[in-house]
Amino acid sequence: MTNMSKYVIQGGKTLKGTISVSGAKNMATKLMVACLLSDQVMTLKNVPEIEDVNRLLEVLSDLGVKINKLHDNTYQLDPKHFNPKNLNMELVSKFRASILLLGPLLAQYQEIKFPHPGGCTIGKRPIDMFIEGFKKMGVTVSIDDKYYIFRSNGLQGAKIVFPQITVTGTETLLLAAVKAKGITHLINVAQEPEVIALAEYLNKNGAKIRGVGTSVLEIEGVNNLQNSEVEIIPDRIEAGSFLALACASNSNLKITNCNPDHLQVPLTLLEQMGVKMKIGLNEIEILASKDLQALNIKTHEYPGFPTDMQAPFTVLMTQAFGQSLIHETIFEGRLFYTDFLNRMGANIIMCDPQRVLLTGPTKLKGKKLESPDLRAGIAMVIAGLIAEGTTEIENIYQIERGYEGLIDKLKAVGANIIKKND
Ligand code: EPU
């Protein structure tokens, strides 16, 4: 999925004012899938208006879910006429997060045909842990070159140990286990705020999940779940991207509608770099700070430093004094974008595919770029905003997958950025 529009940025300006954070992509999409577990109406508030949400709404609409947009950022989903036979295979195969559908589908139907999820530029994105989990719950899985066929006589509770922490793996098996027969133990689960918010929503609507917020979940299956109103939490990755932008551009910027509790490790790193800031209940004010000191970054599952913030923070490190080792531990292909930073004037050496050594500070110069994925894409926007001259970014569909109203938000704080439709 691409589009021909591009962003054109005149860089080098400091920014000033207030920038607000939207609802979390990685919670909104999960809740929208969870609606399929009930036949009641779900009302979702603070939904970000982004391409990933639009794609999922298309998938759900094809499945027979009635979608009613009440007003901006508020949707009602009515799954009463949901029919799994109408799964749009082509769309699902292109849209990675659709893998979550397997949870509600296998929880409620005995045979499901599902396309292979594609890889993507940040790594291979295998689904072996999903498959192993479903097998433990009594599902047989056959595979041909295009599809998986999943069959069961109804899901059985089971003990499922994740050899490695997986966010959507945890969520998908949770969505399945809430309606399975008996008790399921999920061991070594992801503890991202979005995963916890999903579990809390399910519990509020009749599920029996114990251990929410810990690494072990005990789930007692139930026959029926309700749906209700739910508000999407602030997007901590969007907030972190704006933090990196504010610090890298030496700006005074207040980031509002965010939850600083979800940003504790990134905020601690910024403090250690010498960033001056004021942290409120749901806002963070960054004060222009000079002579930032470089430091090492190692990505880690929550509450560690998020892989999704690695690229924006790498751009920030190009403006700090000293050497910085960036170690990407989650995805094997998530540092190749550093090549574009070098083309703009950064000094980055790739030690191996998952580690780069960066020496700063360096001035960046505007360039023509193409966004390979969402987070490398926002890193390009930040780099363009601090660079001298003009930066053009193509393939911005990748950026609009996850950042609501980005251009308007940036313009409002003084950025010179426009979207050009070719
Ligand atoms: N993995 C396997 N086998 C599996 C599942 C995962 O080997 O069956 C590996 C992955 O290849 C990766 C690691 O486990 O090396 C962790 O991946 P995880 O499953 O946690 O990633 P994900 O659930 O596919 C979600 C977010 C990503 C975010 C990661 C890590 C959604 C829709 N996506 O992906 O978000 O980077 O967790 O926090 O929730 C983004 O927003 O830009 C984005 C990519």
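Start at 1 and go down the list; that is how both ligands and their atoms are numbered.
- Listed by number with element, the atoms of ligand 1 under 4.0 Å from a non-hydrogen atom of Met129 are 1 (N), 2 (C), 3 (N), 4 (C), 5 (C), 6 (C), 8 (O).
- Heavy-atom contacts from other residues, nucleotides or ligands closer than 6.0 Å to NZ of Lys69 number more than 12.
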Checklist line | Worked verdict on Tyr148 versus Ile112 for side chain to side chain contact (heavy atoms under 4.5 Å, CB included) | finding: CA-CA 8 Å; Tyr148 289 94; Ile112 294 294; over 6 Å; no
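- With a heavy-atom cut-off of 4.0 Å, Gln164 touches ligand 1 through its side chain alone.
- Ligand 1 has at least one atom lying under 4.0 Å from a heavy atom of Lys25.
- Within the 4.0 Å heavy-atom criterion, the part of Thr307 lying near ligand 1 is the side chain and not the backbone.
- When every heavy atom of Thr362 is checked against every heavy atom of Ala346, the shortest pair comes out as OG1-CA, 3.6 Å.
- Polar contact with ligand 1: absent for Phe331 (N/O pair, distance under 3.5 Å).
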Margin query: Checking Asn26 against Glu192 for the side chain to side chain contact (heavy atoms under 4.5 Å, CB included) test, could you report, in this order, the C-alpha distance in whole Å, the side-chain angles of both residues, the deciding distance, and whether it holds?
Written below: CA-CA 10 Å; Asn26 289 347; Glu192 271 63 8; over 6 Å; no
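- An N or O contact shorter than 3.5 Å is missing between Ala97 and ligand 1 by distance.
- With no hydrogens or angles considered, a side-chain donor-acceptor pair links Glu404 and Ser22 at under 3.5 Å.
- Remark: among candidates Leu374, Asn26, Asp52, the nearest residue to atom 26 (C) of ligand 1 is Asn26, based on non-hydrogen atoms.
- Ligand 1 has an N or O atom lying under 3.5 Å from an N or O atom of Asp128, backbone or side chain.
- Residue contacts with ligand 1 include Arg334, since one of its heavy atoms falls under 4.0 Å from the ligand.
- In this structure, a donor-acceptor pair under 3.5 Å is present between the side chains of Tyr403 and Ser241.
- Remark: distances from the non-hydrogen atoms of Leu100 to ligand 1 are all 4.0 Å or more.
- The distance from ligand 1 to the heavy atoms of Val167 drops below 4.0 Å at these ligand atoms: 18 (P), 19 (O), 20 (O), 23 (O), 25 (C), 37 (O), 38 (O).
- The heavy atom nearest to atom 4 (C) of ligand 1, considering only Pro163, Ser98, Pro306, Pro126, is found in Pro126.
- In this structure a side-chain-to-backbone donor-acceptor pair under 3.5 Å is present from Ser38 to Leu225.
- In terms of N/O distances under 3.5 Å, ligand 1 is approached by Thr166.
- Glu51 has a carboxylate O that lies under 4.0 Å from a charged side-chain N of Arg55, or vice versa, which qualifies the two as a salt bridge.
- Of all atoms in ligand 1, listed by their number and element, those nearer than 4.0 Å to a heavy atom of Phe130 are 5 (C), 8 (O).
- Residue contact annotation: Ile127 has a non-hydrogen atom under 4.0 Å from ligand 1.
- The side chain to side chain donor-acceptor pair (under 3.5 Å) check on Gln108 picks up Lys179, with sequence neighbours excluded.
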Next item on the list: Check step by step if side chain to side chain contact (heavy atoms under 4.5 Å, CB included) holds for Gln110 and Asn153.
Entry: CA-CA 6 Å; Gln110 300 199 340; Asn153 294 318; 4.2 Å; yes
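- In Ile165, the part holding a heavy atom less than 4.0 Å from any atom of ligand 1 is the backbone.
- In terms of N/O distances under 3.5 Å, ligand 1 is approached by Lys30.
- For ligand 1, none of its N or O atoms has an N or O atom of Gly169 under 3.5 Å away.
- At distances below 3.5 Å, at least one donor-acceptor pair connects side-chain atoms of Thr299 with backbone N or O atoms of Thr329.
- At a heavy-atom distance under 4.0 Å, only side-chain atoms of Arg375, from C-beta outward, approach ligand 1.
- Screening residues 159-206 for ring-ring contact (aromatic ring centres under 6.0 Å, His included) gives no qualifying pairs among residues at least two apart or on separate chains.
- Evaluated by nearest non-hydrogen atom to atom 28 (C) of ligand 1, the leading choice among Asp308, Ile378, Asp235 is Asp308.
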